[in-house]
> 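Handing you this structure, nothing more for now.
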Amino acid sequence: MTREEYIENNRDKFLEELFDLLRIPSISADSAYAKDVLRCADYTAMKLQEAGADNVRLEQTAGNPIVYGEKIIDPNKPTILVYGHYDVQPSVPNDLWHTPPFEPTLKEGNIYARGACDDKGQFYMHLKAFETMMQTNTLHCNVKFMIEGEEEIGSSNLGIYVKENSEKLAADVVLISDTGMIANDIPSIDTGLRGLSYVEVEVTGPKIDLHSGTFGGAVANPINVLCDMISSLHDENRHITIPGFYDQVDTVSEADREAMDKTPFDLEAFKKELDVNDVMGESGYSTIERTGIRPTLDVNGIWGGYIGEGAKTVLPSKAYAKISMRLVPSQTSAEITQLFQDHFKKIAPESVKVKVTPHHGGEAAVTPTDSPAYRAASRAMEKTFGKTPIPTRGGGSIPIVALFEEVLGLKTVLFGFGLDSDAIHSPNEKYGLFNFYKGIETIPYFYEYFAEEN
Ligand code: BES
Ligand code: MN
Ligand code: MN
């Protein structure tokens, strides 16, 4: 049987299994789901074993277990380390979902569920591609699978695991499907990820909530002050004003910027899709550059004071915000977090107290386009899409990728099949059936060509 035949014969089975995976609410950020996270690790391990992997086990960490399994066919053949994550983002706000987030639903060729694209639908393609290669005797490389349960909360325990198990994880390349491509008829391969620095800030005014008539206008309102402070973090050109913020930013050559701006991108369609009248960002850079090669600062949440029904005239004691900064090579998240902390405290007026709490971070990564692994990925997509994929720079972060390079000395191929319209982290996340099956079909060609290119 050919691989294409095997995939065709098992289309429904593959999808049913993915649906079972999607039914498990493996939300790593919320401890109320701790049991589901473990159940999801068990299910993933069981499926990896069924697909034909050896030495499948749950590697315990201080947090959620890592699912490990391998198939070593010949020590002389190259080894691929497949990474993915079985944890998902919280599904809230649930009332904005058209179908329940953990009841996967098929609609117009798309699978709707939390994790459908990020990353269950994508890592599951690798298990099914592997099964297909096993069942058709076409596995051309050794493979090690490492599917973790803490990517959405920063992968810090995986970082420890990788450092402690560098020999066991020895490989020739890391293969990850946890990013996107331009469109189903415009295949592309991400060649970069941004780093991340994430902080929470707390601004305290008076020690208790006060009557806003008796005290308002005379005492600092921490929400007013926090808004002023946040506004001052960008200037009129949308440059970030934190001193030293851009000092380590690698400049991208004019030639590379020109190449980037040749990648297909329809600004009008982009605005229409998001229902915005205009875009906004750092002046002097295109939209693709703003998300690909430039660092950014965004408030992810802001709260404080009275938010219940009706009006309550109160001058609140506290205001809070969560702020993320996306970083580019060679900024480091520790340094940027420190710069933010120092600056934010410095700009606070005497009338308030400020606390800054750092959360997880991660470093940016760039992946080469002149490597055997990239060539294998490019040829694989060309084979199944009929078009050479375009190298692009992604705006998101996968913190462990920089560590794979630092600790294991391995470059990564970001073999993503998602779309920007898949609404990852948002209500009504989806993944196309086209993308799911196309991934399963394409991944084995990567193995085949990677064995040839090595
Ligand atoms: N799969 C995403 C990262 C991603 C998405 C990369 C789209 C490129 C394109 C990953 O699961 C993710 O969401 N990462 C987080 C970082 C993490 C530390 C919470 C992110 O980018 O916000
Ligand atoms: Mn992901
Ligand atoms: Mn994610």
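For ligands, and for the atoms within them, numbers begin at 1 and follow the listed sequence. Note that the numbering runs from 1 along the sequence shown for the chain.
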> Quick check: closest heavy atoms across Pro65 and Gln60, and the distance to 0.1 Å?
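So the two residues come closest at CB-OE1, 4.0 Å.
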> Of the protein's non-hydrogen atoms, which lies at the shortest distance from atom 4 (C) of ligand 1, and what is that distance?
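Protein heavy atom at minimum distance: Asp178 O, 3.7 Å.
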> Does Glu151 put an N, O or S atom under 2.8 Å from the Mn ion (ligand 3)?
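Looking at Glu151, which is the residue asked about, there is no N, O or S atom under 2.8 Å from the Mn ion (ligand 3).
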> Is there a side-chain contact between Lys387 and Asp185 (heavy atoms, below 4.5 Å)?
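In short, these two side chains touch, coming nearer than 4.5 Å.
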> Within Asp119, is some N, O or S atom less than 2.8 Å away from the Mn ion (ligand 3)?
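Not a single backbone or side-chain N, O or S atom of Asp119 is under 2.8 Å from the Mn ion (ligand 3).
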> Looking at the rings of Tyr86 and Tyr43, which for Trp means the six-membered one, are their centres under 6.0 Å apart?
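For Tyr86 and Tyr43, the ring centres are not under 6.0 Å apart.
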> Considering only heavy atoms from C-beta outward, does the side chain of Phe404 approach that of Ile398 to under 4.5 Å?
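A side-chain contact is absent here, since even the closest heavy-atom pair is not under 4.5 Å.
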> Below 3.5 angstrom, do we get any N/O pair linking Arg326 and ligand 1?
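Yes.
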> Assess the pair Phe265 and Phe270: is the distance between their ring centroids shorter than 6.0 Å?
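Yes - the distance between ring centres of Phe265 and Phe270 falls below the 6.0 Å cut-off.
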> With a heavy-atom distance limit of 4.0 Å, tell me whether Asp118 approaches ligand 1 through its side chain, its backbone, both, or neither.
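The answer is the side chain.
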> For the 3.5 Å polar cut-off, considering only N or O atoms, please tell me whether Thr179 and ligand 1 meet it.
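Between Thr179 and ligand 1 (N or O atoms, distance only) the closest approach is not under 3.5 Å.
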> Cationic tip of Lys438 within the cone over Phe385's six-membered ring, i.e. under 6.0 Å and within 45° of the normal?
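Yes, Lys438 lies over the aromatic ring of Phe385.
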> Do the non-hydrogen side-chain atoms of Ile240 and Tyr246 ever get within less than 4.5 Å of each other?
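Result yes, sub-4.5 Å side-chain heavy-atom pair found.
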> Within 45° of the ring axis of Tyr285 and under 6.0 Å from its six-membered ring centre, is that where the NZ or CZ of Arg238 lies?
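The answer is no; the distance or angle limit is not met.
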> Can you tell me if, anywhere in His85, an N/O/S atom lies at a distance from the Mn ion (ligand 3) that is smaller than 2.8 Å?
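No, outside the cut-off.
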> Please work out whether any backbone atom (N, CA, C, O) or any side-chain heavy atom from C-beta onward of Glu152 is under 4.0 Å from ligand 1, and answer side chain, backbone, both or neither.
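Glu152 to ligand 1: contacts from backbone and side chain alike.
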> For atom 14 (N) of ligand 1, what is the nearest protein heavy atom, given as residue, atom name and distance?
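Nearest neighbour among protein heavy atoms for atom 14 (N) of ligand 1, to 0.1 Å: Ser397 O, 2.8 Å.
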> What protein heavy atom sits nearest atom 11 (O) of ligand 1, and how far away is it?
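Atom 11 (O) of ligand 1 sits closest to the protein heavy atom Glu151 OE1, 2.7 Å.
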> Within 45° of the axis and under 6.0 Å from the centre of the six-membered ring of Tyr68, does NZ or CZ of Lys168 qualify?
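Yes, Lys168 and Tyr68 form such a contact.
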> Taking just the N, O or S atoms of Glu152, which one is nearest to the Mn ion (ligand 3)?
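The nearest such atom is OE2.
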> Report, in ascending order of atom number, the atoms of ligand 1 lying under 4.0 Å from any heavy atom of Ile424.
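Under 4.0 Å from Ile424, ligand 1 has these atoms: 5 (C), 7 (C).
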> Mind checking whether Pro399 contacts ligand 1 via backbone (N, CA, C, O), side chain (CB onward), both or neither, at a 4.0 Å heavy-atom cut-off?
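Only the side chain of Pro399 comes within reach of ligand 1.
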> Heavy-atom contacts under 4.0 Å between His85 and ligand 1: side chain, backbone, both, or neither?
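Answer for His85: side chain.
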> Nearest to the Mn ion (ligand 2), which N, O or S atom of Asp118 do we find?
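Nearest N/O/S atom: OD1.
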> Can you tell me which portion of Asp119 lies within the under-4.0 Å heavy-atom range of ligand 1? Options are side chain, backbone, both, or neither.
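Neither; nothing of Asp119 gets under 4.0 Å from ligand 1.
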> Cut-off 3.5 Å, side chains only: do Tyr320 and Glu200 have a donor facing an acceptor?
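No, Glu200 and Tyr320 have no side-chain donor paired with an acceptor closer than 3.5 Å.
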